[in-house]
K.L.:
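Have a look at this one before I ask anything.
Values below: every heavy atom of this structure, side chains too, minus hydrogens, waters and symmetry copies.
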Amino acid sequence: MITLADGLRLPTNGLDYTILAIYFVVVLGIGFAARRSVKTSLDFFLSGRSLPAWVTGLAFVAANLGATEILGMAATGAQYGVAVVHWYWIGAIPAMVFLGLVMMPFYYRSKVRSVPEFLLQRFDRSAHLLSSILFAFAAVLIAGVNLYALSIVVEALLGWPQWVAIVVAGLFVLAYITIGGLSSAIYNEVLQFFVILAALIPLVILGLKRVGGWSGLTHSLTSSHGDNFLTAWGGTGIGQANPLGANWLTIILGLGFVLSFGYWTTNFAEVQRALSAKNLSAAQRTPLIAAFPKMFIVFLVMIPGLVAAVLVPKIGAPGGLQYNDAIPYLMQELLPNGVLGIAVTGLLAAFMAGMAANVSSFNTVFTYDIWAKYVKTDRPDGYYLRFGRLITAIGVLASIGTAFIASSFSNIMGYLQTLFSFFNVPMFVVFIIGMFWKRASMKSGVWGLLAGTTAAMVNYFWIYKQGIISIPTDQGANFVSAIVGFVAGAVVMVVVTLFTEPKPQAELAGLVYGTTAPGLEEPPAEGDGAWYRKPALLGWGAIALATLCYLPYSL
């Protein structure tokens, strides 16, 4: 169960509640302000493709700062130690750079309104419909994770009944997305990014002070957990034991390539932020700008997890504090009133950012890719704008229903990684083969998706859960499932391509690497030619910096 210990109650007072109330008022105010710019469905779903790169870049990283980042990554730090850095420096940065430099030109120039719509152009309607259904289902499941985790935290820390927390948070997310569309979600995500930083930074500073600084922290953890707990690659040789339960090969291939690229390059909850940028250069720079804060956020979630592992030596043991308790426990122990109010607000902001990202991507895919393509076609634009608001409400209600599925996982991150291996990885293999292999046939897309998803599920639920193959941890099993899904999808796509017709060459222009569709090239916008805005410089700079970050933890 995702639960917090019964003894966790925050000593909140009127000042803390005032800070929380002000935040909610500002959130709704941003929604009403954004409403004035919503006149068409494109405005509602993609902000009219008008936002600057710095806004979309911060929203891109904030959309990821949900339950997985705050509670999940702190829990991963408490459970696995410094190995949590892999989810950032090899499990995020290279894929974000690949998205910005390689994939965004395909997405943006093709004028698609969603990730599944690209598959319609590259493959056929069957691949498009299947990917739309899979993505919509996954988006609701992931939104439910944030909502469920939020309700548990609020119930434990503030004493609110769980159903009240679910209804209040759900209504606020529903209100500001329904009122202002994607622009409201994005501008609120920029605000939430800074609120989240204001919540986590005091935890890191006061936590380190409590355990005697970084030297005191490392000394305590080395004594209690061993040297490998504080190194990124220690004990990751094949056949060696380490806290993560994975070797260097499964970390690099499973997390660093398959899971990472599958998530960051095809997850529409992230890509949607880049598609809302005002031009191609801004769209490319969106994930590249986000990569720089992303690589340092790991310290804000890892260190509280490590501190909790010192202060609660038996964290994770039955009947005591669980790994998901790390952040709430430190909030209770370390933060004074006022700062506590900011921290609670930041925690709620993180959950709402993650939920809003998935709900706003869900309503776009369901409206454009399912309803408008296969149910009610050729309706006026105003109809789809109204339907988009309706399906947003349905998406929030569905998220409430799916939230409790997460309760079977003791670590939120494990649950989310399982979903990514099922849904994002198969979509990634179809994208990557379709983008770089002209011969890939129209029918190979849908069969690749089916094979990849099925293989990943079979590996996890049957081979791993039934003990046919022994894998030490759920995280290690997720890495293996991702690799299995990727390989199965790729093999099936190649086999199907050999026996089915390829798409006509004329229809591949602008959709496959090395081809260009007439009229899709655009001159750079004024100011975008500045050296510090060059996507290549930003991308390779992020890769170099992430590599340097590994050095202190690899010795």
K.L.:
Taking the six-membered ring for Trp, is the centroid-to-centroid distance between Phe135 and Phe423 below 6.0 Å?
P.N.:
no

K.L.:
Main chain of Phe123, side chain of Lys503: is a donor-acceptor contact present, judged purely on distance under 3.5 Å?
P.N.:
yes

K.L.:
Just checking, any donor-acceptor pair under 3.5 angstrom between side chains of His86 and Tyr80?
P.N.:
no

K.L.:
Under the 3.5 angstrom rule, does the side chain of Ser276 hit a backbone N or O of Arg273 as a donor-acceptor pair?
P.N.:
yes

K.L.:
For the backbone of Asn247 and the side chain of Thr250, can you confirm whether one donor and one acceptor N or O come within less than 3.5 Å of each other?
P.N.:
yes

K.L.:
Are Val512 and Phe106 packed together at the side-chain level, in the sense that at least one heavy-atom pair is separated by less than 4.5 angstrom?
P.N.:
no

K.L.:
Got a donor-acceptor contact below 3.5 angstrom from the Tyr460 side chain to the Ala482 backbone?
P.N.:
no

K.L.:
Quick check on side chain to side chain contact (heavy atoms under 4.5 Å, CB included): which of Ile483, Leu259, Thr266, Thr453 does Val425 satisfy it with?
P.N.:
Leu259

K.L.:
For the residue pair Trp437 and Thr497, establish whether any side-chain heavy-atom pair is separated by less than 4.5 Å.
P.N.:
yes

K.L.:
Answer whether the closest heavy-atom distance between the side chains of Leu538 and Arg285 falls below 4.5 Å.
P.N.:
yes

K.L.:
CD1/Ile90 to CD1/Ile93 distance, rounded to the nearest 0.5 angstrom?
P.N.:
11.5 Å

K.L.:
Side-chain contact, heavy-atom cut-off 4.5 Å: Phe420 with Phe428?
P.N.:
no

K.L.:
Are Ser126 and Asp124 linked by a side-chain donor-acceptor pair shorter than 3.5 Å?
P.N.:
yes

K.L.:
Do the side-chain N and O atoms of Asn478 and Ser421 include a donor-acceptor pair separated by under 3.5 angstrom?
P.N.:
no

K.L.:
What class does the angle between the rings of Trp89 and Tyr550 fall in, given that below 30° is parallel, 30 to 60° is tilted and above 60° is perpendicular?
P.N.:
perpendicular

K.L.:
If you define the side chain from C-beta out and look only at heavy atoms, does anything of Trp462 sit under 4.5 Å from Met457?
P.N.:
no

K.L.:
State, with a plain yes or no, whether a side-chain heavy atom of Tyr513 is found less than 4.5 Å away from one of Ile432.
P.N.:
no

K.L.:
For the backbone of Thr364 and the side chain of Thr367, can you confirm whether one donor and one acceptor N or O come within less than 3.5 Å of each other?
P.N.:
no

K.L.:
Checking side chain to side chain contact (heavy atoms under 4.5 Å, CB included) between Val298 and each of Met302, Lys294, Met295, which is the one that passes?
P.N.:
Met302

K.L.:
Is it the case that the side chains of Ser114 and Gln272 hold a donor-acceptor pair, with the cut-off being a distance below 3.5 Å and no angle test?
P.N.:
no

K.L.:
Do the side chains of Glu189 and Leu58 get nearer than 4.5 Å, heavy atoms only?
P.N.:
no

K.L.:
Would you confirm whether Tyr108, through its side chain, and Asn279, through its main-chain N or O, come within 3.5 Å as a donor-acceptor pair?
P.N.:
yes

K.L.:
Under 6.0 Å between ring centres: does that hold for Phe436 and Phe431?
P.N.:
no

K.L.:
Decide if atom CZ of Phe137 counts as having more than 12 heavy atoms of other residues, nucleotides or ligands within a radius under 6.0 Å.
P.N.:
no

K.L.:
Using side-chain heavy atoms (C-beta onward) and a distance below 4.5 Å, is Trp87 in contact with Thr76?
P.N.:
yes

K.L.:
Any chance you could lay out the side-chain contact (heavy atoms from CB on, under 4.5 Å) test for Leu288 and Leu101, step after step, and finish with the verdict?
P.N.:
CA-CA 8 Å; Leu288 304 179; Leu101 297 183; 4.0 Å; yes

K.L.:
Quick one: which of Trp264, Tyr263, Phe257 gives a side chain to side chain contact (heavy atoms under 4.5 Å, CB included) with Ser260?
P.N.:
Trp264

